[in-house]
Amino acid sequence: MMLERKQRFNVPEIRSKIEQISTNIGVDVFQGSQILAYAELEQIYSGAMREIGTKLENLDDEFQLRNKHNPIHHMECRLKSIDSTIGKLRKRNLPLSVESIRQNLYDIAGIRVICNYVTDVYAVANTLSEQSDIEVIRIKDYIRNPKPNGYRSLHVIYQVPVFLSDGPHPTPVEVQFRTSAMDYWASLEHRLRYKNSIEDAAKERHFETLRECARQLADIEDRMQQIHQEIG
């Protein structure tokens, strides 16, 4: 089997982006060896994301084999951009350094897991949490306790070791578990939230409609899940 190699972490490209950000905000960011350290950190986060992604795929296969049901509809992975990372550090008044990212930010690597039913969300999340090399750092359950705007999702920060030549690097990955209905609701709400061309009164009216839609979707999902369970 041939190993397909891709240039994922281009240091000159990262340096160019960081220099542009420094110019835009008027503050020097990640000087000297910090640029290489940031590229290495991105590599580690990418590795952690692949580790969690592979574990989720294996669990989905096992559920299909044992229960003839795939709980995961699909997954989406992303690494937070340099711009977003630095923006988050500045918003929280944290030092603009690689070590500050490592110590304070837990969502650099992120996976969104779209499941078919709410029971699938908890089945996959709980089974993943029980694996011996996984540590659960934090759980925010917005399914049992939705946000005031109607947002529902289960957020879990997992920590997984990434093994490199110098040993293991325990690395956090934020995993958001949600159903398909929760996902398309969240996508529309996000789009509306950042749609600046809409007047405030109209936007608030749409937000209220979305809050009602969230309640209705939760009820529909519950009823459909009951049918799914009854027919086996």
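Residues satisfying the side chain to side chain donor-acceptor pair (under 3.5 Å) criterion with D166, sequence neighbours excluded, are H169. Judged as a salt bridge (Lys or Arg N to Asp or Glu O under 4.0 Å), and not counting sequence neighbours, the contacts of E99 are R102. Not a single salt bridge (Lys or Arg N to Asp or Glu O under 4.0 Å) links E174 to another residue, sequence neighbours left out. With sequence neighbours left out, E208 forms a side-chain contact (heavy atoms from CB on, under 4.5 Å) with R211, R215. Considering only residues two or more places apart in sequence or on other chains, R223 meets the salt bridge (Lys or Arg N to Asp or Glu O under 4.0 Å) condition with D219. Q226 pairs by the side-chain contact (heavy atoms from CB on, under 4.5 Å) definition with D222, not counting sequence neighbours. Residues satisfying the salt bridge (Lys or Arg N to Asp or Glu O under 4.0 Å) criterion with E199, sequence neighbours excluded, are absent altogether. For R90, the side-chain contact (heavy atoms from CB on, under 4.5 Å) criterion is met by I25, I86, L96, not counting sequence neighbours. With sequence neighbours left out, the side-chain contact (heavy atoms from CB on, under 4.5 Å) criterion links R66 to E62. For H206, the ring-ring contact (aromatic ring centres under 6.0 Å, His included) criterion is met by no residue, not counting sequence neighbours. Residues satisfying the ring-ring contact (aromatic ring centres under 6.0 Å, His included) test with F163, not counting sequence neighbours, are none.
Checked for salt-bridge contact, E13 and K17 meet the test: a charged N lies under 4.0 Å from a carboxylate O.
Using modelled atom types, no side-chain atom of S16 and backbone atom of P12 make a donor-acceptor pair closer than 3.5 Å. Of the possible polar contacts, none joining the E51 side chain to the V160 backbone as a donor-acceptor pair under 3.5 Å is found.
Between atom CZ of residue F177 and atom CD1 of residue I139 there is a gap of 9.5 Å, rounded to the nearest 0.5 Å. From L56, atom CG reaches atom SG of C115 across 8.5 Å, with rounding to the nearest 0.5 Å. Atom-to-atom distance recorded for L154:CG and N145:CG is 11.0 Å, nearest 0.5 angstrom. Rounding to the nearest 0.5 Å places CG of D60 at 8.5 Å from NE2 of H69. Atom CG of residue L128 and atom CG of residue L59 lie 6.0 Å apart, to the nearest 0.5 angstrom. Here the CD-SG distance, from E189 to C213, works out to 11.5 Å after rounding to the nearest 0.5 Å.
With a 6.0 Å radius and a threshold of 12 heavy atoms from other residues, nucleotides or ligands, H155 has its NE2 atom above the threshold. Within 6.0 Å of CG on D200 lie no more than 12 heavy atoms contributed by other residues, nucleotides or ligands.
L94 and V27 fall within the same hydrophobic cluster, where Ile, Leu, Val, Met, Phe, Trp and Tyr residues are linked whenever their side-chain heavy atoms come under 4.5 Å apart, directly or through other members. Note on L89 and I14: same hydrophobic cluster, where clusters join Ile, Leu, Val, Met, Phe, Trp and Tyr whose side-chain heavy atoms are under 4.5 Å apart, directly or indirectly. Follow the hydrophobic side-chain contacts under 4.5 Å out from V156 and you never reach I114; the two are in separate clusters. Hydrophobic clustering (side-chain heavy atoms under 4.5 Å, transitive across Ile, Leu, Val, Met, Phe, Trp, Tyr) keeps V136 apart from I157. Note on I111 and Y158: same hydrophobic cluster, where clusters join Ile, Leu, Val, Met, Phe, Trp and Tyr whose side-chain heavy atoms are under 4.5 Å apart, directly or indirectly.
Nearest heavy-atom pair across N70 and N116 is O-ND2, 2.8 Å. For the residue pair I72 and M75, the shortest heavy atom distance occurs at CG2-CG, 3.8 Å. Scanning all heavy atoms of the two residues, the minimum distance from E42 to L79 falls at O-CD1, 3.9 Å. The minimum heavy-atom distance between Q176 and S153, with the atom names listed, is CB-OG, 4.1 Å. Closest approach of Y38 to I82, counting heavy atoms only: OH-CG1, 3.3 Å. Heavy-atom minimum distance, M49 versus C77: SD-CB, 3.7 Å.
Clustering of Ile, Leu, Val, Met, Phe, Trp and Tyr by side-chain heavy atoms under 4.5 Å joins I198 with Y142, Y151, Y184, W185, L188, L192, F207, L210, L217.
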Are E40 and V98 close enough, and set up right, to give a side-chain contact (heavy atoms from CB on, under 4.5 Å), and what steps lead you there?
CA-CA 10 Å; E40 292 173 341; V98 171; over 6 Å; no
Applying side-chain hydrogen bond (donor to acceptor under 3.5 Å, both in side chains), run through N126 and E130 and close with a yes or a no.
CA-CA 6 Å; N126 292 338; E130 292 169 356; over 6 Å; no
side-chain hydrogen bond (donor to acceptor under 3.5 Å, both in side chains) between R50 and S46, worked out
CA-CA 6 Å; R50 287 197 300 272; S46 180; 3.1 Å; yes
Derivation of the side-chain contact (heavy atoms from CB on, under 4.5 Å) call for I52 and I134
CA-CA 9 Å; I52 295 291; I134 290 280; 3.5 Å; yes
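Taking the side chain as every heavy atom from C-beta outward, Y45 and P172 approach each other to under 4.5 Å. N104 is not listed as a side-chain neighbour of K88, based on a closest heavy-atom distance of 4.5 Å or more. Annotation: side chain of V162 is not in contact with side chain of Q43 (no heavy-atom distance under 4.5 Å). Between Q34 and I18, the closest side-chain pair of non-hydrogen atoms is not below 4.5 Å. Side-chain contact between R178 and R152 is absent, with no heavy-atom pair separated by less than 4.5 Å.
In summary, the side chains of D120 and H73 do not present any donor paired with an acceptor at a separation below 3.5 Å, with no hydrogens or angles considered. Under 3.5 Å, the side chains of S187 and R191 contain no donor-acceptor pair of N or O atoms.
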